Amino acid sequence: MRVAVVGATGAVGRTILHLLQERSFPLDEVLPFASPRSEGKRLGFRGEEVVVLGIHDRWFEGIDLALTSAGSAVARRIVPPAAAGGTVCVDNSSAFRMDPDVPLVIPEINPGALENHQGIVANGNCTAITALMPLGPLHQRFGLRFLVTSSYQSVSGSGMKGVRELAEQVDKLHEEVETLTSPDREALPVGEVFGRTIAFNVVPHVEQFDPEGSGFTTEEIKMGNEFRKVLVIPDLVCAATAVRVPVVTGHGVSIYARFEHPVTPEEARAVLAESPGIRVIDDPVRNLYPTPLDSAGIDDVLVGRIRRPAGDDHALLLFAAGDNLRKGAALNAVQIAELLVARDLVGNR
Ligand SMILES: NC(=O)c1ccc[n+]([C@@H]2O[C@H](COP(=O)([O-])OP(=O)(O)OC[C@H]3O[C@@H](n4cnc5c(N)ncnc54)[C@H](OP(=O)(O)O)[C@@H]3O)[C@@H](O)[C@H]2O)c1
């Protein structure tokens, strides 16, 4: 089994390499790819060094499985020829998620969607996955009908450049924190990734505003589309607000969900406690609830603050926190790869 990791020097790609080792993925050889900038760089893998390769026309030859995380534009160019050439590709970008011929898979929720893959499997948006982990089992039991989410998204969701931009701004501002009670707005640092000051601030703008003028951002629109596709609820009414926050890793999502059947917080906790990949942390009396920092570096999505709004016994409020680089990206992709191998769905199309 020869496995390519495309985007191996990036935030997601590095985590994929780490998880392939941590989870003893059954591979004979790993081939890291990145942009021409990184060609020849050396990365550690299983105690040895592997050399980063550049993408060329027939990059996929001899490769059984490719885990690709190099952005949508690169994916659109390099993934279809690889899939046509027999390399099964699990792609982390948004390029193919809404393609009706491409399964969008969260192994704990819709593993069956993998069966008829045509060579490309899409990994979901990191915030959508964090929300879908609890919503999947709750939908199964109570029938999801209506959804409002507000997400608090970490800077590593924009890749390594997002982390660097936050670090630079914190560095610049940390000695003048008290002046931020009445800041000199002209002097605030503004970077290329977030377009506004992200240190000591929150920015209700993730990706671009909808060119059609709906007022939503492309990130918010993607979330609704992915909820509908993964849960197979084409008419699900949902609305998202995505906010960038100065957290390094770990996305938080506040969820308001309405169900066809009545539901109590106790019933929801019981369903979630039995669901794989979820850890319920919900004891307000002892100040126990999830935070994004608690979720960083671990596999489970943390869920708490489960409660019911007064006067509506079909609705729930809850808060989920998940590592956007692990379950939101690399872990989910590696789990898909594990399922593909276990079901003999690599190299047999
Ligand atoms: N970060 C997250 O939380 C997250 C979650 C879910 C999905 N995703 C998706 O995953 C993808 C990668 O995100 P990231 O956060 O890892 O970004 P990143 O840190 O910016 O890494 C991008 C990677 O792509 C490589 N790359 C860029 N241009 C390339 C080219 N022309 N050919 C080959 N490789 C190229 C880069 O190589 P160099 O180092 O050489 O530039 C780097 O390895 C994106 O599509 C993103 O939307 C990210």
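Everything numeric in this text was worked out from a predicted model, so none of it was measured. Every number for a ligand or one of its atoms is a count from 1 in the order of the listing.
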- Task: Report the distance from atom OG of S94 to atom CZ of R76, rounding to the nearest 0.5 Å.
- Result: 6.0 Å
- Give the residue and atom name of whichever protein heavy atom lies nearest to atom 19 (O) of ligand 1, and the separation in Å to one decimal. A11 N, 2.9 Å
- Item | Nitrogen or oxygen atoms of V74 and ligand 1 under 3.5 Å apart | no
- Task: Is it possible for you to say whether L53 and I78 belong to one hydrophobic cluster, with membership spreading through side-chain heavy-atom contacts below 4.5 Å?
- Result: yes
- Counting distance only, does the side-chain N/O of N92 pair as donor-acceptor with the main-chain N or O of N123 below 3.5 Å? no
- Query: Just which atoms of ligand 1 are under 4.0 Å from any heavy atom in A8?
  - Reply: 43 (O)
- Message: Within the 4.0 Å heavy-atom shell around A34, which atoms of ligand 1 are there?
- Response: 32 (N), 33 (C), 34 (N), 35 (C), 37 (O), 40 (O)
- Note on the structure: Check: of N92, V5, L325, min heavy-atom distance to atom 10 (O) of ligand 1 comes from N92
- Message: Just to confirm my output: which protein heavy-atom neighbour is closest to atom 20 (O) of ligand 1, and how far is it?
- Response: K161 NZ, 3.9 Å
- Query: Nearest heavy atom to atom 3 (O) of ligand 1: which of I55, N324, V193 does it belong to?
  - Reply: N324
- Message: Only heavy atoms of S38, strictly under 4.0 Å: list the atoms of ligand 1 that pass.
- Response: 38 (P), 39 (O), 40 (O)
- Task: Measure R77 to ligand 1 on non-hydrogen atoms and call it side chain, backbone, both or neither using the 4.0 Å cut-off.
- Result: side chain
- atom 29 (C) of ligand 1 has as its nearest protein heavy atom S35 CB, 3.6 Å
- Task: Determine the sole option in L272, V303, D300 for which the side chain to side chain contact (heavy atoms under 4.5 Å, CB included) test with R279 is passed.
- Result: D300
- Item | Identity and separation of the nearest protein heavy atom to atom 13 (O) of ligand 1 | V12 CG2, 3.9 Å
- Message: Please list, in number order, the atoms of ligand 1 under 4.0 Å from a heavy atom of G71.
- Response: 11 (C), 44 (C), 45 (O)
- Is the number of heavy atoms from other residues, nucleotides or ligands within 6.0 Å of CG (L293) greater than 12? no
- Message: I'd like to know if V341 and L345 are part of one continuous hydrophobic network [Ile/Leu/Val/Met/Phe/Trp/Tyr, side-chain heavy atoms within less than 4.5 Å].
- Response: yes
- atom 17 (O) of ligand 1: closest protein heavy atom, distance to 0.1 Å, is G159 CA, 3.8 Å
- Message: Below 3.5 Å, N or O to N or O, backbone or side chain included: is there any such pair between G13 and ligand 1?
- Response: no
- So R141 and E274, salt bridge (charged side-chain N to carboxylate O under 4.0 Å, His left out) or not? Walk me through it. CA-CA 12 Å; R141 174 75 185 275; E274 286 174 4; over 6 Å; no
- The one among S69, G328, A75 that brings a heavy atom closest to atom 11 (C) of ligand 1: S69
- Just need the protein heavy atom nearest to atom 25 (C) of ligand 1, so name the residue and atom and give the distance. G7 CA, 3.8 Å
- Message: Quick check: T9 and ligand 1, any N/O pair under 3.5 Å apart?
- Response: yes
- Item | Pair E226 + K229: basic N to acidic O under 4.0 Å | no
- Going by atom types alone, do T249 and S154 pair a side-chain donor with an acceptor below 3.5 Å? no
- Query: Does the protein put any heavy atom within less than 4.0 Å of atom 48 (C) of ligand 1?
  - Reply: yes
- ligand 1 to S93, heavy atom cutoff 4.0 Å, flagged ligand atoms 45 (O)
- Item | same_hphob_cluster(L147, L104) at 4.5 Å side-chain heavy-atom cutoff | yes
- Task: Using a strict 4.0 Å cut-off to heavy atoms of A329, name the atoms of ligand 1 that fall inside it.
- Result: 5 (C), 6 (C)
- Do any nitrogen or oxygen atoms of S156 come within less than 3.5 Å of a nitrogen or oxygen of ligand 1? yes
- Item | Pair S151-Q153, side-chain donor/acceptor within less than 3.5 Å | yes
- Task: Establish, from distance only, whether the side-chain atoms of S158 and R244 form a donor-acceptor pair under 3.5 Å.
- Result: yes
- Query: Just wondering, are more than 12 heavy atoms of other shown residues or ligands nearer than 6.0 Å to CZ in R196?
  - Reply: no
- Task: Quick one: look up the protein heavy atom nearest atom 21 (O) of ligand 1 and list residue, atom name and how far away it is.
- Result: G10 CA, 3.2 Å
- Message: Under 3.5 Å between any N/O of R37 and any N/O of ligand 1: does that happen in this structure?
- Response: yes
- heavy-atom search around atom 24 (O) of ligand 1 in the protein gives A70 CA, 3.3 Å
- What is the distance from atom NZ of K161 to atom CD of E165, rounded to the nearest 0.5 Å? 9.5 Å
